[in-house]
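What follows is a set of notes on a single structure, which appears directly below.
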Amino acid sequence: MRAGDRVALRCADLDDDGAGIGEIGGVTLHVAGALPAEEVEARVAHVSGHAPAAWGELRQVVAASPDRRPPVCPGFGRCGGCALQHLAPEAQLAWKRARVVRALGAHAVLGAIEVGPPVASARLLGYRNNAKLVVGRGHGGAVLGGYAPRSHDLVDLAGCRVVEPALDAVAAELRRLVDGLGIEIYDERRLSGRLRHAVLRSNHAGQVLCTLVVARPLPDGPELGARLRAARAEVAGVVEHQNLTRGNAIFADGGPERVLAGAAELEDRLLIGERTLRVKLTSGAFFQANRDVAGLAYAAMVEALAVGRSERVVDAYSGVGGIGLALAPAAAEVIGIESNAAAVANAAAAASYNAIGNARFVAGDAAAVLATVDRADVVVVNPPRKGCAPQALAQVARLRPRAVGYLSCDPDTLARDLARLAAAGYQPRALTPYDMLPHTTHVETLAILDRVDGRSV
């Protein structure tokens with residue numbers, strides 16, 4: 001197989017990026033846009049020199065899957081965000097469950113664990129409460145979009161259907177204002193210009209917090225903020241965040257901020273069972289992108305862990321405190337641990353807003369702070385995609401909580417960490433996938449583990 005070849009392929013499955021895969025002469029060919037059980041024609045674009053693998057471009061669907069659906073986003077196939085938008089929702093759920101099963105199967109100690117049916121999102125479109133947009137120049141003026149997969153080619157995300165409608169409306173107005181005011185747009189090649197990103201966050205009421213990430217402060221920033229708020233009533237505030245660093249990180253740790261107009265933070269609400277939890281969110285704070293599904297997962301964790309009145313809960317990787325605060329009403333004490341100081345401040349504020357007096361939040365590395373804790377009856381973790389640090393899991397094992405709740409955003413690192421916890425004597429009681437981000441390859445999974453013996457990592 002060589003680059004440029006035109007080949008016929010019967011697609012057997014999807015890879016972890018959502019591309020169809022099939023085998024030709026012992027080589028696995030990945031074709032974005034192809035679906036399982038389809039017969040397609042593809043053009044080979046790249047052949048690996050290190051493994052029996054190649055990547056191709058879809059040219060024609062010869063025999064379509066009954067699960068194929070017409071995509072609704074204008075950027076589908078180019079932005080790379082919703083790689084499964086052409087796959088029926090029920091087939092997406094089945095594939096996501098199978099992905100979790102496959103990840104567990106890579107570890108002999110986990111192979112027999114049952115994975116429950118996925119919990120679907122009530123909203124398949126318009127569910128995402130944040131948009132992180134690259135600002136660039138196109139032929140018609142300013143572009144707010146995202147980079148195409150494995151490139152820095154900017155794809156215009158105007159009309160994106162998975163974000164909450166208020167976000168797309170505010171982004172459209174921001175484009176017009178950037179052009180109208182002649183705002184300098186950052187050029188990453190020349191390291192010149194000012195405006196780099198626009199990060200938009202919406203809440204339960206449709207209000208929007210707009211953060212403009214800049215290389216240098218905008219001289220017209222206050223005017224831009226005032227005009228944006230005047231044009232779009234849903235804009236609660238406009239904040240400028242300065243990031244002088246090179247690379248792909250949107251926010252700079254400790255980067256200077258100033259409020260250009262309105263508020264510096266946004267209140268959002270999570271429905272957790274019969275309770276409503278209020279949270280305050282600043283520009284870079286982590287918050288689940290689908291608040292409805294997050295509420296379902298948190299409620300399931302509360303029910304499954306059944307925290308008692310005398311028990312201490314430790315919430316590692318606590319973010320803005322959502323899980324810990326959901327568990328606090330039933331507990332004696334909650335200790336949240338989070339490396340991001342701004343998120344810790346958000347969590348402490350949320351505890352005050354919700355009149356929760358038995359929760360405190362500590363800024364620091366999860367493993368280091370866990371090492372200072374002398375007792376935990378229940379531990380919950382919600383780490384980033386890379387999973388828990390081995391040292392953090394070792395500290396969890398040292399504390400010997402009766403139960404562990406693990407909310408994961410990556411099946412492979414979840415399986416790795418569950419295998420480590422199994423070696424420490426923790427047996428998964430239940431695993432449930434949640435469709436936090438429909439039409440994407442993202443799989444959120446809730447695992448509840450019980451201590452069964454005293455072995456250590």
Side-chain angles (χ1 to χ4, degrees), residues 73-75 78-81 128 130-202 208-232 234-262 264 266 282-284:
C73 266
R78 294 181 293 119
C79 84
R128 189 179 182 99
N130 66 65
K132 299 174 182 178
L133 303 169
V134 180
V135 183
R137 284 281 177 203
H139 296 301
V143 173
L144 271 63
Y147 292 126
R150 294 172 294 280
S151 81
H152 269 209
D153 296 333
L154 188 59
V155 178
D156 191 346
L157 294 183
C160 176
R161 295 289 301 279
V162 298
V163 298
E164 292 186 334
L167 297 180
D168 191 51
V170 171
E173 184 61 32
L174 182 58
R175 288 184 191 94
R176 287 190 285 270
L177 289 171
V178 167
D179 281 334
L181 291 172
I183 301 295
E184 283 186 83
I185 295 175
Y186 184 71
D187 186 320
E188 65 175 353
R189 294 182 178 87
R190 298 175 181 173
L191 304 179
S192 62
R194 297 177 187 268
L195 183 57
R196 303 179 68 170
H197 298 88
V199 180
L200 308 179
R201 184 190 295 278
S202 56
V208 175
L209 178 66
C210 174
T211 302
L212 304 176
V213 180
V214 300
R216 294 179 292 150
L218 300 175
D220 297 326
E223 182 179 358
L224 174 59
R227 287 196 183 188
L228 185 60
R229 291 199 74 209
R232 301 298 318 187
E234 59 267 64
V235 176
V238 183
V239 177
E240 181 185 81
H241 174 96
Q242 190 172 357
N243 182 356
L244 296 173
T245 64
R246 300 180 64 173
N248 296 325
I250 295 178
F251 292 103
D253 189 21
E257 290 191 350
R258 64 170 174 158
V259 178
L260 301 179
L266 194 66
T282 49
S283 303

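Just so you know, these numbers come straight off a predicted model, no measurement behind them.
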Could you pull out the closest heavy-atom pair between Ala226 and Ala261, with the gap in Å? N-CB, 3.8 Å
Between Leu200 and Ser202, is any pair of side-chain heavy atoms under 4.5 Å apart? no
If the condition is side-chain hydrogen bond (donor to acceptor under 3.5 Å, both in side chains), which residues does Asp168 pass it with, not counting sequence neighbours? none
Give me the atom names and distance for the closest heavy-atom approach of Leu174 to Ala198. CD2-CB, 3.6 Å
What closest approach, in Å, do Thr245 and Arg196 show between heavy atoms, and which atom pair accounts for it? O-NH1, 2.9 Å
Would the distance check show the side chain of Arg258 and the main-chain N or O of Glu240 forming a donor-acceptor pair, the cut-off being under 3.5 Å? no
Value for CG (Leu167) from CG (Leu144), rounded to nearest 0.5 Å, stands at 12.0 Å
Rounded at 0.5 Å granularity, tell me how far CG in Leu191 sits from CG in Leu244. 11.0 Å
Taking side-chain hydrogen bond (donor to acceptor under 3.5 Å, both in side chains) as the test, write out the residues that go with Asp179, two or more places apart. Arg137
Side chain proximity check, Leu228 to Glu173, heavy atoms < 4.5 angstrom: yes
Using the test side-chain hydrogen bond (donor to acceptor under 3.5 Å, both in side chains), find all partners of Arg161 that sit at least two apart in sequence or belong to another chain. none
Looking only at heavy atoms, the pair that brings Arg128 and Asn130 closest together is NE-O, 3.1 Å
Tell me the closest heavy-atom pair linking Val163 and Cys160, and the distance in Å. CG2-O, 3.7 Å
When you look at Leu154 and His152, which way does the side chain to side chain contact (heavy atoms under 4.5 Å, CB included) test go after all the steps? CA-CA 6 Å; Leu154 188 59; His152 269 209; over 6 Å; no
Got a second to check how far Ile183's CD1 is from Arg175's CZ, nearest 0.5 Å? 15.5 Å
Let me check something: any side-chain donor-acceptor pairs from residues 208-224 under 3.5 Å, sequence neighbours excluded? List them with distances.
unit_1	atom_1	unit_2	atom_2	d
Thr211	OG1	Ser283	OG	3.0
Glu223	OE2	Arg227	NE	3.2
Glu223	OE2	Arg227	NH2	2.8

Identify, with sequence neighbours excluded, every residue that meets side chain to side chain contact (heavy atoms under 4.5 Å, CB included) alongside Ala252. His241, Asn243
Using side-chain heavy atoms (C-beta onward) and a distance below 4.5 Å, is Val134 in contact with Glu188? no
Which atom of Ala236 lies closest to which atom of Leu266, heavy atoms considered: CB-CD1, 3.9 Å
Identify, with sequence neighbours excluded, every residue that meets ring-ring contact (aromatic ring centres under 6.0 Å, His included) alongside His197. none
